[in-house]
**Student:** 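Let me begin by handing over the structure; questions about it come next.
Since this is a predicted model, take the numbers as computed values, not measurements. Worth knowing before you read on, the calculation uses all heavy atoms, side chains too, and leaves out hydrogens, waters and symmetry mates.
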Amino acid sequence: MNWPHAADYDDDAFGSSVGLGDRPALLVIDLINAFTDPTTDLGSDVSGVLDQTARLLGAFRERDLPRYFTTVAFEESYGDAGRFIEKVPALRELRLGTDAVDVDDQVAPEGDERVILKKYASAFFGTDLATELTTHRVDTLVLAGVTTSGCVRATAVDSLQHGYRTIVPADAVGDRAEGPHQANLFDIDAKYGDVVTTDTVLDHLSTNDY
């Protein structure tokens, strides 16, 4: 990727490629109705993200590689939301049992694909995702979804810290503003994972024996 501030980062010191390993999994982060509907307080136009995520899902399903989804949802009391809901009052839209927290139909889970319920930004924090990945012998996480500056970034950092190769297709993640989107992609690529394109991931899957 060509970044506007790349000259400030020595190529020999930052941004080396980790690549895809032997057992990649796809993690679809928070592509739920509250985030994909531009009319909600949390939503924005992420139609392109949905399109690219659908392509990734198709390729991972075709090869029967692990697929996971996340949603964020809180109890009626919001007692499980901690300080997060004080910082982001719009999270009150995310009530357990409502359509707002269902995965968008365009990328809806099929069969036994799991939707992991989380309460905070990272898909690892307070969930059993790490156990699932260990059970399925995953060594690489491909992240798609929203938002780049929030849950995608937090999950990318934790993915690295849990020992996974971390891949973020830039066109399969999105944010409500371009500035935070680009800034966080740059930072992920420099320090935590590989920022590539959906086509790059699909090309890799098609030319390797999975």
**Student:** Mind running side chain to side chain contact (heavy atoms under 4.5 Å, CB included) on Leu31 and Val146 for me, showing each step along the way?
**Tutor:** CA-CA 6 Å; Leu31 281 178; Val146 294; 4.0 Å; yes
**Student:** Table please: side-chain donor-acceptor pairs of residues 201-210 below 3.5 Å, with sequence neighbours left out.
**Tutor:**
{"unit_1": "His204", "atom_1": "ND1", "unit_2": "Asn208", "atom_2": "ND2", "d": "3.4"}
{"unit_1": "His204", "atom_1": "NE2", "unit_2": "Tyr210", "atom_2": "OH", "d": "2.8"}
{"unit_1": "Ser206", "atom_1": "OG", "unit_2": "Leu202", "atom_2": "O", "d": "3.3"}
{"unit_1": "Ser206", "atom_1": "OG", "unit_2": "Asp203", "atom_2": "O", "d": "2.9"}
{"unit_1": "Thr207", "atom_1": "OG1", "unit_2": "Asp203", "atom_2": "O", "d": "2.8"}
{"unit_1": "Thr207", "atom_1": "OG1", "unit_2": "His204", "atom_2": "O", "d": "3.4"}
{"unit_1": "Asn208", "atom_1": "ND2", "unit_2": "His204", "atom_2": "O", "d": "2.7"}
{"unit_1": "Tyr210", "atom_1": "OH", "unit_2": "Gly21", "atom_2": "O", "d": "2.9"}

**Student:** For Val107 and Phe69, which heavy atoms make the closest approach, and how far apart are they?
**Tutor:**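 Distance-wise, the nearest heavy atoms are O-CE2, 3.0 Å.
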**Student:** Shortest non-hydrogen contact from Thr70 to Ala123?
**Tutor:** CG2-CB, 3.8 Å
**Student:** Going through the distances and angles, do Asp102 and Thr71 end up as a side chain to side chain contact (heavy atoms under 4.5 Å, CB included)?
**Tutor:** CA-CA 7 Å; Asp102 289 341; Thr71 186; over 6 Å; no
**Student:** Would a hydrophobic clustering, with Ile, Leu, Val, Met, Phe, Trp and Tyr connected at side-chain separations under 4.5 Å, put Tyr120 with Val72?
**Tutor:**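 Yes, because Tyr120 and Val72 connect within a single hydrophobic cluster, where side-chain heavy atoms sit under 4.5 Å apart.
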**Student:** Considering all heavy atoms of both residues, which atom of Ala25 and which atom of Leu133 are nearest to each other, and what is their separation?
**Tutor:** CB-CD2, 4.5 Å
**Student:** Using the side chain to side chain contact (heavy atoms under 4.5 Å, CB included) rule, take Leu94 and Leu42 through it: C-alpha gap first, then chi angles, then the decisive distance, then the call.
**Tutor:** CA-CA 9 Å; Leu94 305 180; Leu42 290 168; 3.8 Å; yes
**Student:** With sequence neighbours excluded, tell me which residues meet side chain to side chain donor-acceptor pair (under 3.5 Å) with Asp139.
**Tutor:** none
**Student:** For the side chain of Thr53 and the backbone of Ala144, is there at least one donor-acceptor N/O pair under 3.5 Å apart?
**Tutor:** no
**Student:** Before accepting this row, confirm whether a basic side-chain N of the pair Glu113/Arg61 lies closer than 4.0 Å to the acidic partner's carboxylate O.
**Tutor:**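 Salt bridge between Glu113 and Arg61, a charged N being under 4.0 Å from a carboxylate O: yes.
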**Student:** Between Phe124 and His162, does the side chain to side chain contact (heavy atoms under 4.5 Å, CB included) criterion hold? Intermediate values first, please.
**Tutor:** CA-CA 9 Å; Phe124 287 92; His162 279 80; 3.8 Å; yes
**Student:** Both conditions, 6.0 Å and 45 degrees, for the charged tip of Arg92 above the ring of Tyr78: are they met here?
**Tutor:**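 Pair Arg92/Tyr78 counts as cation-pi.
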**Student:** About how many Å separate CG of Leu20 and OG1 of Thr140, when rounded to the nearest 0.5 Å?
**Tutor:**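 Thr140 OG1 to Leu20 CG: 5.0 Å, rounded to 0.5 Å.
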**Student:** For Glu86, does the CD atom have more than 12 heavy-atom neighbours from other residues, nucleotides or ligands under 6.0 Å away?
**Tutor:** yes
**Student:** When you check the side-chain N and O atoms of Asp104 and Thr36, is any donor under 3.5 Å from an acceptor?
**Tutor:** yes
**Student:** Between His136 and Tyr68, what is the ring plane arrangement, given parallel below 30°, perpendicular above 60°, and tilted in between?
**Tutor:** tilted
**Student:** Hey, is Asp199 close enough to Arg55 for a salt bridge, meaning N to O under 4.0 Å?
**Tutor:**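 Counted as a salt bridge, because a side-chain N and a carboxylate O are separated by less than 4.0 Å.
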**Student:** Indicate yes or no: does Lys191 engage Asp187 in a salt bridge with an N to O separation below 4.0 Å.
**Tutor:** yes
**Student:** Please report the shortest heavy-atom distance between Val195 and Ala170, naming the atom on each side.
**Tutor:**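 Looking at all heavy atoms of both residues, the closest pair is CG1-CB, 3.8 Å.
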**Student:** Rounded to the nearest 0.5 Å, how far apart are CG of Leu26 and CZ of Arg67?
**Tutor:**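 It comes to 8.5 Å.
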**Student:** Nearest 0.5 Å please: distance from the CZ atom of Arg153 over to the OG1 atom of Thr147.
**Tutor:**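 If I round to the nearest 0.5 Å, the distance is 11.5 Å.
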**Student:** For Asp45 and Ser47, work out which heavy atoms get closest and say how close.
**Tutor:**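 Heavy atoms only, the tightest pair is OD1-OG, 2.9 Å.
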**Student:** Val196 versus Ile167: any side-chain heavy-atom pair under 4.5 Å?
**Tutor:**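 A side-chain contact exists here, since the closest heavy-atom pair is under 4.5 Å.
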**Student:** Looking at OG1 of Thr155 and CG of Leu27, how far apart are the two atoms once the value is rounded to the nearest 0.5 Å?
**Tutor:** 6.0 Å
**Student:** Spell out, yes or no, whether Phe84 and Leu96 are grouped together once hydrophobic residues are joined by side-chain heavy atoms under 4.5 Å, including indirect joins.
**Tutor:**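 No, it is not one cluster - the side chains of Phe84 and Leu96 are not joined through contacts under 4.5 Å.
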**Student:** Which atoms form the tightest heavy-atom contact between Val49 and Ala172, and what is the distance?
**Tutor:** CG1-O, 3.2 Å
**Student:** Would a 4.5 Å heavy-atom cut-off, applied to side chains only, mark Pro24 and Val138 as touching?
**Tutor:**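 No, side chains not in contact.
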**Student:** Any side-chain heavy-atom pair from Asp194 and Thr166 closer than 4.5 angstrom?
**Tutor:**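 Of all side-chain heavy-atom pairs linking Thr166 with Asp194, none is under 4.5 Å.
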**Student:** Report yes if some heavy atom in the side chain of Leu91 is under 4.5 Å from a heavy atom in the side chain of Val88; otherwise report no.
**Tutor:**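 Yes, at least one pair of side-chain atoms sits under 4.5 Å.
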**Student:** Judged by modelled atom types alone, do Thr148 and Asn184 share a side-chain donor-acceptor pair under 3.5 Å?
**Tutor:**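 No donor-acceptor contact under 3.5 Å links the two side chains.
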**Student:** Any side-chain to backbone donor/acceptor pair from Asp64 onto Pro66? Under 3.5 Å, distance only.
**Tutor:**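 Such a contact is absent between Asp64 side chain and Pro66 backbone.
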**Student:** Salt bridge (Lys or Arg N to Asp or Glu O under 4.0 Å): which pairs involve residues 162-181, sequence neighbours left out?
**Tutor:**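 For residues 162-181, and leaving out neighbouring residues, there are no salt bridge (Lys or Arg N to Asp or Glu O under 4.0 Å) pairs at all.
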**Student:** Supply the atom-to-atom distance Arg95 CZ to Phe74 CZ, rounded to the nearest 0.5 angstrom.
**Tutor:** 12.0 Å
**Student:** Using the rule given for salt bridge (Lys or Arg N to Asp or Glu O under 4.0 Å), can you reason through Arg114 versus Asp128, listing the C-alpha separation, both sets of side-chain angles and the distance that settles it, and then say yes or no?
**Tutor:** CA-CA 11 Å; Arg114 278 198 65 205; Asp128 62 355; 3.2 Å; yes
**Student:** Identify whether Leu143 and Leu117 are in the same connected component of the hydrophobic contact network (ILVMFWY, side-chain heavy atoms under 4.5 Å).
**Tutor:**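 They do not share one cluster, since no chain of ILVMFWY contacts under 4.5 Å joins Leu143 to Leu117.
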**Student:** Measure from the side-chain N and O atoms of Thr40 to the backbone N and O of Asp37, and report whether any donor-acceptor pair falls under 3.5 Å.
**Tutor:** yes
**Student:** Answer whether the closest heavy-atom distance between the side chains of Val157 and Tyr192 falls below 4.5 Å.
**Tutor:** yes
**Student:** Cut-off 3.5 Å, side chains only: do Thr197 and Thr200 have a donor facing an acceptor?
**Tutor:** yes
**Student:** Please round to the nearest 0.5 Å and tell me the distance separating atom CD1 of Ile32 and atom CD of Glu93.
**Tutor:** 9.5 Å
